[in-house]
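Encoded as structure tokens, the structure appears first; notes follow it.
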Amino acid sequence: PEAQRRGLLDGDRNVIAGAYFGAVLGGHVASREPEKWHRRWISCDHGFIHPTVVLWHAQDEEGNVVTYREMVRTHTTSTELAAEIVDRSFGEDIEAFYLSPDAWGRRDSERTVADEIGRIIGPALGVMPSRATNARASGWLLMYDLLKHGMWKISEKCPKLLQTLPLMQRGDPGKGEDVEDCQKMDGVDDAPDSARYGMASRVGLVRVPAAVRVARRMRELEASHGRVRGQEAVMRARFVETQVKPEGPRLIRFHRRRTA
């Protein structure tokens, strides 16, 4: 279709008729990197002829998510893919790895793709592949809601996701498709599918480190006392922080997980 041609070839993201995310895109590009202590996880839509898309995500204490890294590969074996994921994750505390469900039935050796990837990332990252939640309609809706409320940002380091997310089309009831689902689109939906696995599969708790809480409190007190009395405010802040009980973890609530 002409609208899709203009979106793909000309980069015009405002002309896609029936775009699922059209009403909530804009301001969704991340302006900064996640903090070191933010919760991090990986999602992967596996392919061989079709692209494999791996995405890295992080979540802050307010529930805001940033997708901050992307890797796209074709004709790559499971072991090669896993080794590169480990390489790209060096120095990061990865809490989970969500892999497309078909990886448990697909093989590129005597083992399944999930087994081959797990043999490498398990010892290196301390996590084994988990079967990603594959509830399509509720997964797309979660992504839509996060974008609508400004709770999901995407880094410019994720060009494939930024390019293809605006191209995702609502299902066509005239073809017997679910209007609440997105159409399956070869060459387009690999990155959005990986993002859907990452968003729909992950929910949990975030604890702000004590050092970060102390630094924030000190800045607040310095601001309230003015720069002239900065040193006095710092000393007072240190005393106050010794009297304040540590914050407990904050519950971050998106949507109730649904199984496929």
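All of these numbers come straight from a predicted model, not from anything done at the bench.
- Within 6.0 Å of CD on Glu156 lie no more than 12 heavy atoms contributed by other residues, nucleotides or ligands.
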May I have the step-by-step check of side chain to side chain contact (heavy atoms under 4.5 Å, CB included) for Phe97 and Cys44, ending in yes or no?
-> CA-CA 8 Å; Phe97 182 94; Cys44 175; 3.9 Å; yes
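- Looking at residues two or more places apart in sequence or on another chain, you find a side chain to side chain contact (heavy atoms under 4.5 Å, CB included) between Ala82 and Ile117, Ile120, Ile121.
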Start with the C-alpha distance between Glu35 and Asp60, add both sets of side-chain angles, then the distance that settles side chain to side chain contact (heavy atoms under 4.5 Å, CB included), and finish with yes or no.
-> CA-CA 8 Å; Glu35 299 286 351; Asp60 68 15; over 6 Å; no
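- Each of Leu167, Val179, Leu141 was compared with Tyr20 under the side chain to side chain contact (heavy atoms under 4.5 Å, CB included) criterion, and only Leu141 meets it.
- With hydrogens and angles ignored, the 3.5 Å screen pairs no side-chain donor or acceptor of Lys157 with any backbone N or O of Thr67.
- Evaluation of the side chain to side chain contact (heavy atoms under 4.5 Å, CB included) rule for Lys184 yields Arg136, Asp189 as partners, not counting sequence neighbours.
- Partners of Glu180 according to the side chain to side chain contact (heavy atoms under 4.5 Å, CB included) rule, which considers only residues two or more places apart in sequence or in another chain, are Ala137, Arg170, Asp178.
- Linking Ile, Leu, Val, Met, Phe, Trp and Tyr residues whenever their side-chain heavy atoms come within less than 4.5 Å leaves Val86 and Val72 in two separate clusters.
- A distance of 4.5 Å separates CZ in Arg39 from CD in Gln59, rounded to the nearest 0.5 Å.
- Ser89 and Glu92 are not linked by any side-chain donor-acceptor pair at a separation below 3.5 angstrom, with hydrogens and angles left out of the test.
- Clustering of Ile, Leu, Val, Met, Phe, Trp and Tyr by side-chain heavy atoms under 4.5 Å joins Met128 with none of the others.
- Inter-residue side-chain proximity for Ile85 and Met71 is flagged as met; some heavy-atom pair is nearer than 4.5 Å.
- In terms of heavy atoms, Pro192 sits closest to Thr164 at CD-OG1, 3.3 Å.
- The distance from atom CE of Met168 to atom CG of Leu25, rounded to the nearest 0.5 Å, is 12.0 Å.
- Summarising the geometry of Leu161 relative to Trp152, their closest heavy-atom pair is CD2-CZ2, 4.1 Å, with the distance given to 0.1 Å.
- Within the 3.5 Å criterion, the main-chain N or O of Thr133 finds a donor-acceptor partner in the side chain of Ser201.
- Between Leu142 and Met199, the closest heavy-atom pair is CD2-O, 3.4 Å.
- Panel note: side chain Ser155, backbone Cys158; no donor-acceptor pair is recorded below 3.5 Å.
- With respect to Asp193 and Arg196, a salt bridge is recorded, a charged nitrogen being found less than 4.0 Å from a carboxylate O.
- Rounding to the nearest 0.5 Å gives a distance of 6.5 Å between CD of Glu110 and CD of Glu116.
- Residues His46 and Leu81 meet the side-chain proximity criterion, which asks for heavy atoms closer than 4.5 Å.
- Hydrophobic side-chain contacts under 4.5 Å tie Ile49 into a cluster, directly or through other members, with Phe48.
- Rounding to the nearest 0.5 Å places CZ of Arg131 at 9.5 Å from CG of Asp102.
- Here the closest heavy-atom approach between residue Leu99 and residue Trp104 is recorded as O-CZ3, 3.6 Å.
- Side-chain N or O atoms of His28 include one that pairs as donor or acceptor with a backbone N or O of Gly26 at under 3.5 Å.
- Smallest separation of non-hydrogen atoms from Ala96 and Arg202: CB-NH1, 3.6 Å.
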Could you go through the side chain to side chain contact (heavy atoms under 4.5 Å, CB included) check for Thr76 and Thr52 one step at a time?
-> CA-CA 8 Å; Thr76 303; Thr52 291; over 6 Å; no
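- The side-chain hydrogen bond (donor to acceptor under 3.5 Å, both in side chains) check on Thr74 picks up nothing, with sequence neighbours excluded.
- Looking only at distances, a side-chain donor or acceptor of Glu70 sits under 3.5 Å from a matching main-chain atom of Lys160.
- For the pair Asp93 and Trp37, the minimum side-chain heavy-atom distance is 4.5 Å or more.
- For Glu84 and Arg73, the salt-bridge test passes: some basic side-chain N is under 4.0 Å from an acidic carboxylate O.
- Between Trp41 atom CH2 and Tyr98 atom OH the span is 8.0 Å, to the nearest 0.5 Å.
- The shortest side-chain heavy-atom distance between His50 and Asp45 does not fall under the 4.5 Å cut-off.
- Side-chain atoms of Arg69 come within 3.5 Å of backbone atoms of Arg88 as a donor-acceptor pair (strictly under, hydrogens ignored).
- Contact between Leu55 and Ala195 at its shortest, heavy atoms only, is CD1-N, 3.5 Å.
- Atom-to-atom distance recorded for Met151:CE and Met143:CE is 14.5 Å, nearest 0.5 angstrom.
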